Asker: 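Just dropping this structure here.
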Amino acid sequence: LESWTKWNERARNFGGTAKYSIRFNRPARAAAYLLDLGDVAESAIVYLNGNKIATLFARPFKVELKDLKISDNLLEVHVTNLAANRIRDLDRRNIRWRIFHDINFVNLDYKNFDASDWPVKESGLLGPVTVQPMRRVN
């Protein structure tokens, strides 16, 4: 796993949500499991076998999983990044996006806001992702 901003220019400028998915077998027999997504840039919604489990938006990106099937579990993680990379791209291409009728849009120094020189922010599921038994069952 790596930041999707490393893939290509289009991915580097993307602001939105990407879906990651994997099918896996239960690692051991246990009453519950700990899903650890590792690093996430920036928020994630976790689904297990089609059921929404959690929305995670801060470290640690961990959640308890229950009722894992012996085999063929489907884990889906929808990761949404910040809009910073998209705003950076719009400003670099001089595309008008600040269309506000009742506010002045300025930077911290009260000058015209410009994100064209912002660094690219990592985006996506960075991992490592693990599923570990929490309580063993005999």
Side-chain angles (χ1 to χ4, degrees):
L1 295 170
E2 66 180 3
S3 174
W4 69 56
T5 60
K6 295 180 181 179
W7 299 348
N8 57 46
E9 185 71 20
R10 187 173 179 191
R12 190 170 18 266
N13 297 330
F14 176 72
T17 303
K19 180 174 88 171
Y20 299 78
S21 62
I22 189 170
R23 291 194 177 275
F24 68 100
N25 297 333
R26 187 174 71 192
R29 188 163 181 243
Y33 303 83
L34 180 65
L35 170 65
D36 184 347
L37 296 178
D39 288 332
V40 175
E42 286 298 324
S43 65
I45 301 175
V46 178
Y47 296 86
L48 179 65
N49 299 322
N51 298 310
K52 182 178 176 182
I53 303 299
T55 299
L56 305 173
F57 56 87
R59 288 186 180 98
F61 292 95
K62 298 179 181 181
V63 64
E64 182 178 328
L65 301 179
K66 295 182 179 176
D67 303 322
L68 285 184
K69 301 184 297 185
I70 294 171
S71 63
D72 200 36
N73 291 285
L74 175 60
L75 176 66
E76 295 177 297
V77 182
H78 298 208
V79 176
T80 303
N81 69 342
L82 297 177
N85 294 340
R86 178 74 175 130
I87 291 170
R88 175 186 174 272
D89 174 57
L90 292 172
D91 279 353
R92 290 170 67 93
R93 293 187 293 135
N94 294 313
I95 294 176
R96 187 170 172 247
W97 64 271
R98 293 181 284 293
I99 305 168
F100 303 102
H101 302 291
D102 57 352
I103 66 167
N104 292 320
F105 204 89
V106 296
N107 67 14
L108 292 174
D109 299 319
Y110 293 99
K111 302 214 181 336
N112 287 335
F113 180 86
D114 179 16
S116 62
D117 63 347
W118 284 1
V120 173
K121 296 202 169 283
E122 286 190 320
S123 300
L125 183 56
L126 310 177
V129 176
T130 60
V131 176
Q132 298 294 323
M134 290 176 64
R135 297 180 294 272
R136 294 212 179 263
V137 175
N138 294 330

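Just so it is clear, the structure is predicted and the values come from calculations on it, not from any experiment.
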Asker: For Leu68, is there any backbone N or O sitting under 3.5 Å from a side-chain donor or acceptor partner on Tyr33?
Answerer: no
Asker: Phe113 and side chain to side chain contact (heavy atoms under 4.5 Å, CB included): which partner among Asp91, Val106, Leu108?
Answerer: Asp91
Asker: When you group the ILVMFWY residues by side-chain heavy-atom contacts below 4.5 Å and let the links chain together, are Val40 and Val129 in the same group?
Answerer: yes
Asker: Quick check: does any side chain N or O of Asp39 sit under 3.5 Å from a backbone N or O of Pro128, one acting as donor and the other as acceptor?
Answerer: no
Asker: Taking atom CD1 of Ile70 as the centre, does the number of heavy atoms from other residues, nucleotides or ligands within less than 6.0 Å exceed 12?
Answerer: no
Asker: Can you check side-chain contact (heavy atoms from CB on, under 4.5 Å) on Asp36 and Gln132, steps first, answer last?
Answerer: CA-CA 8 Å; Asp36 184 347; Gln132 298 294 323; over 6 Å; no
Asker: Does Ile99 have more than 12 heavy atoms from other residues, nucleotides or ligands lying within 6.0 Å of its CD1?
Answerer: yes
Asker: Could you work out, with salt bridge (Lys or Arg N to Asp or Glu O under 4.0 Å) as the rule, every residue matching Asp89, not counting sequence neighbours?
Answerer: Arg86, Arg93
Asker: Between Arg88 and Asn13, is any pair of side-chain heavy atoms under 4.5 Å apart?
Answerer: yes
Asker: Say you draw a straight line from CD of Glu76 to CG of Asn51; how long is it, rounded to the nearest 0.5 Å?
Answerer: 10.5 Å
Asker: How close do Glu122 and Ala41 get, counting heavy atoms only, and between which atoms?
Answerer: O-CB, 3.3 Å
Asker: Would you say Tyr20 and Leu37 are hydrophobically clustered, going by side-chain heavy atoms of ILVMFWY under 4.5 Å?
Answerer: yes
Asker: Test of understanding: clusters of I, L, V, M, F, W, Y form through side-chain heavy atoms closer than 4.5 Å, transitively. Do Leu125 and Ile22 belong to the same one?
Answerer: yes
Asker: So, the side chain of Ser123 versus the backbone of Ser3: is there a donor-acceptor pair under 3.5 Å, distance only?
Answerer: no
Asker: With a 3.5 Å distance limit and no angle check, can you tell me whether Asn81 reaches the backbone of Gly16 through a side-chain donor-acceptor pair?
Answerer: yes
Asker: Is the number of heavy atoms from other residues, nucleotides or ligands under 6.0 Å of Asn112 CG greater than 12?
Answerer: no
Asker: If you take all heavy atoms of Asn8 and Ala11, which pair is closest and at what distance?
Answerer: OD1-N, 2.7 Å
Asker: Please tell me whether Leu126 and Val77 are part of a single hydrophobic cluster in this structure, the criterion being side-chain heavy atoms less than 4.5 Å apart.
Answerer: no
Asker: If you count every heavy atom of other residues, nucleotides or ligands that lies below 6.0 Å from Lys66 atom NZ, does the total exceed 12?
Answerer: no
Asker: Could you tell me the separation between the OH atom of Tyr47 and the CD1 atom of Ile53, rounded to the nearest 0.5 Å?
Answerer: 10.5 Å
Asker: Closest heavy-atom contact between Lys121 and Thr5?
Answerer: O-CG2, 3.4 Å
Asker: Which distance, rounded to the nearest 0.5 Å, do you find between the CH2 of Trp118 and the CG of Asn85?
Answerer: 9.5 Å
Asker: I'd like to know if Phe24 and Leu34 are part of one continuous hydrophobic network [Ile/Leu/Val/Met/Phe/Trp/Tyr, side-chain heavy atoms within less than 4.5 Å].
Answerer: no
Asker: Shortest non-hydrogen contact from Arg26 to Lys69?
Answerer: CB-O, 3.2 Å
Asker: Is it true that, when you exclude Phe57 itself, more than 12 heavy atoms of the residues, nucleotides or ligands shown sit nearer than 6.0 Å to its CZ?
Answerer: no
Asker: Is it true that Asp114 and Arg98 make a salt bridge, defined as a side-chain N closer than 4.0 Å to a carboxylate O?
Answerer: no
Asker: Taking atom CG as the centre, does Asp67 end up with more than 12 heavy-atom neighbours from other residues, nucleotides or ligands that are less than 6.0 angstrom away?
Answerer: no
Asker: For the residue pair Ser21 and Leu74, what are the closest heavy atoms and their distance?
Answerer: CB-CD1, 4.2 Å
Asker: Check Ala54 against Val63 and note the closest heavy-atom contact, atom names and distance.
Answerer: CB-CG2, 3.7 Å
